[in-house]
Protein chains: 2
Amino acid sequence: MALAQDRAREEFLTAVGPDGLIDDPVELRSYECDGLTGYRVTPALVLLPRTTEQVAAAVRVCARHRIPFVARGAGTGLSGGALPVAEGVVISVQRLRAVLEVDPVHRRARVQPGVTNLDITRTVSEHGLYFAPDPSSQQVCTIGGNVAENSGGAHCLKYGFTVNHVLAAEVVLPDGTVTTLGGDSAHQGGYDLLGAFIGSEGTLGIVTEITVKLLPRPAVVRTVVADFPSVEQSCRTVSAIVARGIVPAAVEMMDTLAIEAVEVAVAAGYTRGAAAALIVELDGPEGEVATQFDQVLGLCREHGTTKLRVAETDEERTAIWKGRKAAFAAMGRISPNYFVQDGVVPRTRLAEALTRIAELADAAGLRVANVFHAGDGNLHPLVLYNESAGEHDRAEELSSAIAELCVDLGGSLSGEHGIGTDKVCSMVRQFTADDLATMALLRQAYDPQNICNPGKLLPTPRLCGEQPGPHKPHPAETAGLAERW
Amino acid sequence: MALAQDRAREEFLTAVGPDGLIDDPVELRSYECDGLTGYRVTPALVLLPRTTEQVAAAVRVCARHRIPFVARGAGTGLSGGALPVAEGVVISVQRLRAVLEVDPVHRRARVQPGVTNLDITRTVSEHGLYFAPDPSSQQVCTIGGNVAENSGGAHCLKYGFTVNHVLAAEVVLPDGTVTTLGGDSAHQGGYDLLGAFIGSEGTLGIVTEITVKLLPRPAVVRTVVADFPSVEQSCRTVSAIVARGIVPAAVEMMDTLAIEAVEVAVAAGYTRGAAAALIVELDGPEGEVATQFDQVLGLCREHGTTKLRVAETDEERTAIWKGRKAAFAAMGRISPNYFVQDGVVPRTRLAEALTRIAELADAAGLRVANVFHAGDGNLHPLVLYNESAGEHDRAEELSSAIAELCVDLGGSLSGEHGIGTDKVCSMVRQFTADDLATMALLRQAYDPQNICNPGKLLPTPRLCGEQPGPHKPHPAETAGLAERW
């Protein structure tokens, strides 16, 4: 057991200093899971470096002794991407929380990975700028975690994901090398390794510095909540808005059950009992927003809305979003336990997907609440269950069935939460053996020792069992690659 | 010499059939260069496969015999990315030119790599859709080449590059494996290998099928050409438009010399003698475009435009674009030879960059014409020279100095033409040894035999000599990697 050796521990102490190492068993428990609390593993050590050089030194110790390591931001991830490895170390970026530079002229900021998503916007707001990706956890989640998971949020329909807002990243590779991916201008020569790194779920290295793009605050923002008598009508409205050539800043949908939970929890003013509530937000220059907002209201009416509630003040808009962003947490008010899925379907198949999810839920005898990014087809079905009533396994099966339904409808397993530990064995539903072997080539090139967040993202026979179906051997496998991951 | 062996030739014949193999010395000459005509190498063989399976079979022959191969679309690239390797084969995708599927509901099309950029739009226009990236060579360049180079075009300011319009790609890897990167919905799990592949300049494999996104034709398009008494005033106008929160579909700039060449060649109606002409195009819903177009005209007036020419008909708009897109070819009318550069600078440093370029040109005693994508800071300085007057070397030096100036101003070597053969030795100006070694890790993972477009993209001591400056050895180098590329 490598960590039992005084030598590795001594080297970690040299790398991060005595106050940067946690090995007290009680303290270690704080790091045993992320937001996917159903999986828990206690790590051997937690390291809290204060500089890029300390991160690199810690990773070099791991590489020398072949000790697995897992990077961790705020631990708010929902797919178990930051689940520790037993006998391994967790490298937390919580102490790397400086905003290093704000450049309002070029509209960019250089920050350390432990800075929270919302703190970037708070720091630059005096210049009329903001950072666009806005996951619901933005008050606590870190930009480092956002880079690892390629996080989205309600406004990614118009503005894109984290990958669309990062110009450059300094990263520590699994051998301890420090390198920079991307650069200050939008177009770089060479491979787009920055694009491959963002969303790699901590398997290609640890990000230690991020240059983000900033956007000017839009001149005007208009928000409406439209109630509908059926989920299907709300879905058709979404398609109609997009077909009209309008790209809203956000289009979010909540069904009866989600509305109920939100109202019990935060009383955000949604109509209890409505079959579906659609939140549509437009932003941009005044002339554009005014014209298009009228069109949106008209399309809602054409599709049978029963109530239009337009936010007349910033406070009203804030209340609408507070309700939406609290939806996951609010589930505790109507169910003891829940699983959340994150599948994507083509937008034109939203109504079909929701009908099938309802059928699956009925068959399983469980409730499913839906709250999701309708504009880009990213579902977040919440499978409600009662652990103490023995419903756990049934709920887990239903949850997996929903994820695989999304793949069958031409979509994918995850829109923004990541594969992590949670969906690793479902990857074979979406990708062929050749596809997965091609991903493994990249992983092995960066991490030949398999020490960088092992067991996440790519399925292995050890984790998932042998998979059925035709399997054409890839050269990588003859090199022992498939066995390693 | 591998190709002299009857065995390899025999296997290529089996792979592509007798009419799919060219070895006639005269015919081979057609393939000796791409649009960067200063570099010429005659390949040993040219293959013309008709199917994905034939491409894969040809690549497997290369892999078995360790024969270098270079993929080629229409050969319009400007950085020598399709320059053949002596003793190697060129694999042309010209016969893979079917549009396999058009799906107007999901707004996507599945095409083979030999389809021209403009033919995609022609095929889908009956549905009111189009393919957004529009390189000036769009009438002849292939979508396969666009994927290899991550091509842009005049409208990439608003709509992005090829990478933003490709959902999935079937590719043949350098060992002959056929795999699919990406998928039908926007978000996939796993690494974004599609993003890393697009723009990899033919060094990671050959694309054999592409699923592109299609956009609905905008309701309204408005175009204006604004003349300015100085280049600097036109640059300040660009910054003012963007600062107002307007994202034009295109913002293009031409200086006196470029206007002169265009007018001599195609008489597009630009004002001869104007210091600078700015083309600004807006598109979108009617209300938005009307409001913003008035703002653009106002900003041009505020910044001292001497003439505003608004296109009142589609024909007038077509003429404006015909002039702009013919600019490179038109240089032949005012100069026997030219080099074109493709550097990017931060938009706020455009005026400074152009002043410095003029100073460099004066010092070298050569003329430089400027025609470029002003909106995203992507310069296309055309260094004019007379080969027979012995100006070649001086022009080449000036051209390189301009590219490196862009890097020094915080930009990059290439916006859309690629690194290829042309700028491979300048890569060390932009990237550190660690950055380049990190790119080499990916390349070696996919192409351990170094047979897939070798000598392009990444510098090597053999191509570029030993580089000065501190060089921290990377583990990859101890594995002999640096020597190979």
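Everything numeric here is computed off the predicted structure, so don't read it as measured data. Protein chains get the first letters and strands the later ones, always in sequence-line order, with residue 1 at the start of each.
Counting heavy atoms from C-beta outward, Asp434(A) and Leu436(A) have side chains that stay 4.5 Å or more apart. Counting heavy atoms from C-beta outward, Glu170(A) and Thr179(A) have side chains that stay 4.5 Å or more apart. Counting heavy atoms from C-beta outward, Glu416(A) and Asp342(A) have side chains that approach closer than 4.5 Å. In this structure the side chain of Lys456(A) never reaches within 4.5 angstrom of the side chain of Ile419(A), judged on heavy atoms.
Atom CG of Leu413(B) sits about 11.5 Å away from atom OG of Ser79(B), to the nearest 0.5 Å. Atom CD in Glu201(A) sits 9.0 Å away from atom OG1 in Thr421(A) (nearest 0.5 Å).
Interface residue Arg107(B): only side-chain heavy atoms are found under 4.5 Å from chain A. Using a 4.5 Å cut-off between heavy atoms, Pro285(A) touches chain B through its side chain atoms alone. Looking at Thr348(B), the atoms closer than 4.5 Å to chain A (heavy atoms on both sides) all sit in the side chain, from C-beta outward. Only the side chain of Thr291(A) comes within contact range of chain B, with at least one heavy atom under 4.5 Å from a heavy atom of that chain. In this structure, no portion of Val171(B) lies under 4.5 Å from any heavy atom of chain A. Contact annotation for Val424(A): neither backbone nor side-chain heavy atoms come within less than 4.5 Å of a heavy atom of chain B. Using a 4.5 Å cut-off between heavy atoms, Leu204(A) contacts chain B through its side chain alone, with no backbone atom that close. For a residue to count as touching a neighbouring chain, one of its non-hydrogen atoms must lie under 4.5 Å from one of that chain's; by this rule Ala243(A) touches chain B with backbone and side chain alike. Only the side chain of Gln292(A) has a heavy atom closer than 4.5 Å to any heavy atom of chain B. Of the two parts of Phe431(B), only the side chain, counted from C-beta on, holds a non-hydrogen atom closer than 4.5 Å to a non-hydrogen atom of chain A.
Contact count versus chain A (heavy atoms, under 4.5 Å) is highest, among Gly284(B), Gly377(B), Gly287(B), Ala196(B), for Ala196(B). Across Leu181(A), Asp192(A), Val345(A), the residue that shares the most heavy-atom pairs under 4.5 angstrom with chain B is Asp192(A). When Thr203(A), Ile198(A), Asn164(A) are compared by the number of non-hydrogen pairs under 4.5 Å with chain B, Thr203(A) comes out ahead. By number of non-hydrogen pairs under 4.5 angstrom with chain A, the leading residue of Tyr191(B), Tyr446(B), Phe197(B) is Tyr191(B). When the candidates Leu215(A), Leu194(A), Asn150(A), Thr180(A) are compared by the number of heavy-atom contacts under 4.5 Å with chain B, Thr180(A) comes out ahead.
Other residues, nucleotides and ligands contribute at most 12 non-hydrogen atoms within 6.0 Å of the CD atom of Glu286(A).
There is a side-chain donor-acceptor pair under 3.5 Å between Asp175(A) and Thr177(A). Looking at His106(B) and Asp103(B), their side chains do bring a donor and an acceptor atom within 3.5 Å of each other.
By the 30° and 60° cut-offs, the orientation of the rings of Tyr159(B) relative to Tyr130(B) is perpendicular.
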